[in-house]
Novice: 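Below: one structure in structure tokens.
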Amino acid sequence: MSAGDTMDGQSGTMSPKAFQAIAALAKEEAGLVLTQGKATMIQSRLRKRVRALGLTDVDAYAKFVTSREGEAERRNMVSALTTNVSHFFRESHHFDLLRNLAFPALIDRATRGGKVRIWSAGCSSGQEPYSIAMSLLAMSPELAQRDVLILATDIDPNILSFAQAATFSEQQVAGITDAMKKSFLTRTGEDGKYQVNAPIRRLVRFRELNLHGDWPMRAKFDVIFCRNVVIYFDPQDQAALWPRFHAALDSNGWMMLGHSERISDSALNLFTSVGPTAYRPVQAVPGTAQVKR
């Protein structure tokens, strides 16, 4: 940043001390790794919080949010710093794989009275869990009356509120086929807006969750999506998550990562690759000892 940078007409840039304080708190609160190269982005994203609190600049904000009085503000800080980019049926190869290989058995189990549990970890604005629900109901509409639950979690309470509203713009629903739009979406009174229909919404439960904190879930999951999330964590924090995901996954389950993510070397004995950024526990694939790179 140059000395001429301004923030809403106020002179000054975020000092190195303020950056270090914000970066340390983001790491402590959410496991986010913020490098010096992101200082301009950080300052830009925190502007609304600075204004909302009536503070003078980001340095004052850093001082406040790291104080005892600013503890409640930390959730808002994490919300402002978190990247929330999502699309319906993003990385469609995962949905193709699940429709072909995983969902038929899960649908059969559910229709025979069994439970199906799927976790969208880092669900952002909700397109991912709703895409999962649409895929399932497109294959078997009766699942709307079965014991099927998609847990959708995110650390950002503000984005969860948006996700729960289940209302999206014309541009945001571009990834949905016309047939699925007709079956699962309804136009609202707002121009160009669609709302996800109730049967889809009923399959999804949104909850606030920090992946680095306690996981209150006790049941095993048949499928876990954690896509484009761990790339924001340092290698040590990533390595700590893989055994936890493995423990949360059914022995015959499936796990999907983002296109630029890979299982850490330390967890090669836990998962095996079954497609592009798609994994299963090693015991689910007989004769496999480690992840194929």
Side-chain angles (χ1 to χ4, degrees), residues 1-3 5-85 119-126 151-165 205-218 226 228-241 243-245 248:
M1 293 178 292
S2 69
D5 288 341
T6 63
M7 185 177 66
D8 296 306
Q10 300 167 348
S11 298
T13 60
M14 180 169 52
S15 69
K17 182 179 179 181
F19 167 79
Q20 292 165 7
I22 293 292
L25 190 59
K27 177 69 166 62
E28 178 183 348
E29 293 289 316
L32 300 177
V33 177
L34 304 178
T35 62
Q36 184 65 48
K38 296 181 179 179
T40 300
M41 178 203 73
I42 293 167
Q43 178 163 315
S44 175
R45 290 187 176 184
L46 292 177
R47 286 175 180 173
K48 287 185 179 180
R49 298 309 309 158
V50 171
R51 291 197 301 268
L53 295 170
L55 299 172
T56 56
D57 51 32
V58 177
D59 278 38
Y61 181 83
K63 184 176 181 180
F64 172 72
V65 80
T66 54
S67 70
R68 178 172 296 181
E69 292 76 14
E71 286 183 1
E73 172 61 20
R74 294 173 189 174
R75 292 173 72 218
N76 292 322
M77 183 198 76
V78 170
S79 177
L81 295 176
T82 303
T83 300
N84 289 303
V85 177
W119 180 15
S120 170
C123 66
S124 188
S125 45
L151 175 66
T153 67
D154 202 280
I155 195 171
D156 182 351
N158 296 323
I159 203 65
L160 286 174
S161 294
F162 178 91
Q164 285 180 300
R205 297 290 182 272
F206 290 97
R207 296 291 184 270
E208 185 177 343
L209 182 72
N210 184 340
L211 287 177
H212 301 291
D214 293 332
W215 297 359
M217 308 86 75
R218 294 294 174 260
C226 187
N228 307 299
V229 176
V230 301
I231 54 173
Y232 297 103
F233 306 149
D234 65 26
Q236 293 78 16
D237 286 339
Q238 289 184 30
L241 284 174
R244 300 184 70 189
F245 279 125

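Only a predicted model underlies this, so the values are computations on that prediction, with no experimental measurement involved.
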Novice: Is the side chain of Arg49 donor-acceptor paired with the backbone N or O of Glu73 at a distance under 3.5 Å, no angle test?
Specialist: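 No, because the side chain of Arg49 does not come within donor-acceptor range (under 3.5 Å) of the backbone of Glu73.
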Novice: Using every non-hydrogen atom in the two residues, find where Gly31 and Phe233 come nearest and quote the distance to one decimal.
Specialist: O-CD2, 3.1 Å
Novice: To the nearest 0.5 angstrom, please state how far the CZ atom of Arg205 sits from the SG atom of Cys123.
Specialist: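 Spacing of CZ (Arg205) from SG (Cys123) equals 13.5 Å.
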Novice: Kindly say whether Pro157 contributes a backbone atom to a donor-acceptor pair with the side chain of Glu208 at under 3.5 angstrom?
Specialist: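 No, Glu208 side chain to Pro157 backbone: no donor-acceptor pair under 3.5 Å.
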Novice: Roughly how far, to the nearest 0.5 Å, is the NZ atom of Lys27 from the NE2 atom of His212?
Specialist: 7.0 Å
Novice: How about Asn76 and Asn158: do any of their side-chain heavy atoms sit closer than 4.5 Å?
Specialist: yes
Novice: Identify the two heavy atoms, one from Lys38 and one from Val33, that lie closest to each other, and give their separation to 0.1 Å.
Specialist: NZ-O, 3.9 Å
Novice: To the closest 0.5 Å, what do you measure between CZ (Arg45) and CG (Leu34)?
Specialist: 9.5 Å
Novice: Taking all non-hydrogen atoms of both residues, which atom of Leu160 and which atom of Ala152 are closest, and how far apart?
Specialist: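 The answer is CD2-O, 4.4 Å.
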Novice: Report yes if the side chains of Leu46 and Val65 come closer than 4.5 Å at any heavy-atom pair, otherwise no.
Specialist: no
Novice: Enter the distance from Glu71:CD to Thr66:OG1 here, rounded to the nearest 0.5 Å.
Specialist: 10.5 Å
Novice: Write down the atom of Arg244, the atom of Trp215, and the distance for their closest heavy-atom approach.
Specialist: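 Looking at all heavy atoms of both residues, the shortest contact is NH2-CD1, 3.3 Å.
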Novice: Does Leu209 reach the side chain of Met217, with side-chain heavy atoms less than 4.5 Å apart?
Specialist: yes
Novice: Answer yes or no: is there a side-chain heavy-atom contact under 4.5 Å between Cys226 and Leu211?
Specialist: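 Yes, close enough: below the 4.5 Å cut-off.
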Novice: Side-chain contact test, heavy atoms from C-beta onward, threshold under 4.5 Å: evaluate it for Met14 versus Tyr61 and give yes or no.
Specialist: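 No. Closest side-chain heavy atoms not under 4.5 Å.
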Novice: Could you report the tightest heavy-atom contact between Val230 and Gln238, atom names first, then the distance?
Specialist: O-NE2, 2.9 Å
Novice: Donor-acceptor pair, distance only, cut-off 3.5 Å: does the side chain of Asn210 make one with the backbone of Ile155?
Specialist: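 Not a single qualifying donor-acceptor pair exists.
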Novice: Using 0.5 Å steps for rounding, measure from the CG atom of Asp57 to the CD atom of Gln43.
Specialist: 8.0 Å
Novice: Calculate, to the nearest 0.5 Å, the distance between atoms OG1 and CZ belonging to Thr13 and Phe19 respectively.
Specialist: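 So the OG1 of Thr13 and the CZ of Phe19 are separated by 12.5 Å.
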Novice: Kindly give the heavy-atom pair with the smallest separation between Ala121 and Phe245, and that separation in Å.
Specialist: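 Heavy atoms of Ala121 and Phe245 come nearest at CB-CE2, 4.4 Å.
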Novice: Does the Asp59 side chain pair with the main chain of Ser15, one donor and one acceptor, at a distance under 3.5 Å?
Specialist: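 Yes, Asp59 side chain to Ser15 backbone: donor-acceptor pair under 3.5 Å.
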Novice: Please check if any side-chain donor atom of Asp156 sits under 3.5 Å from a side-chain acceptor atom of Thr82, or the reverse.
Specialist: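 Asp156 vs Thr82: no donor-acceptor pair found between side chains.
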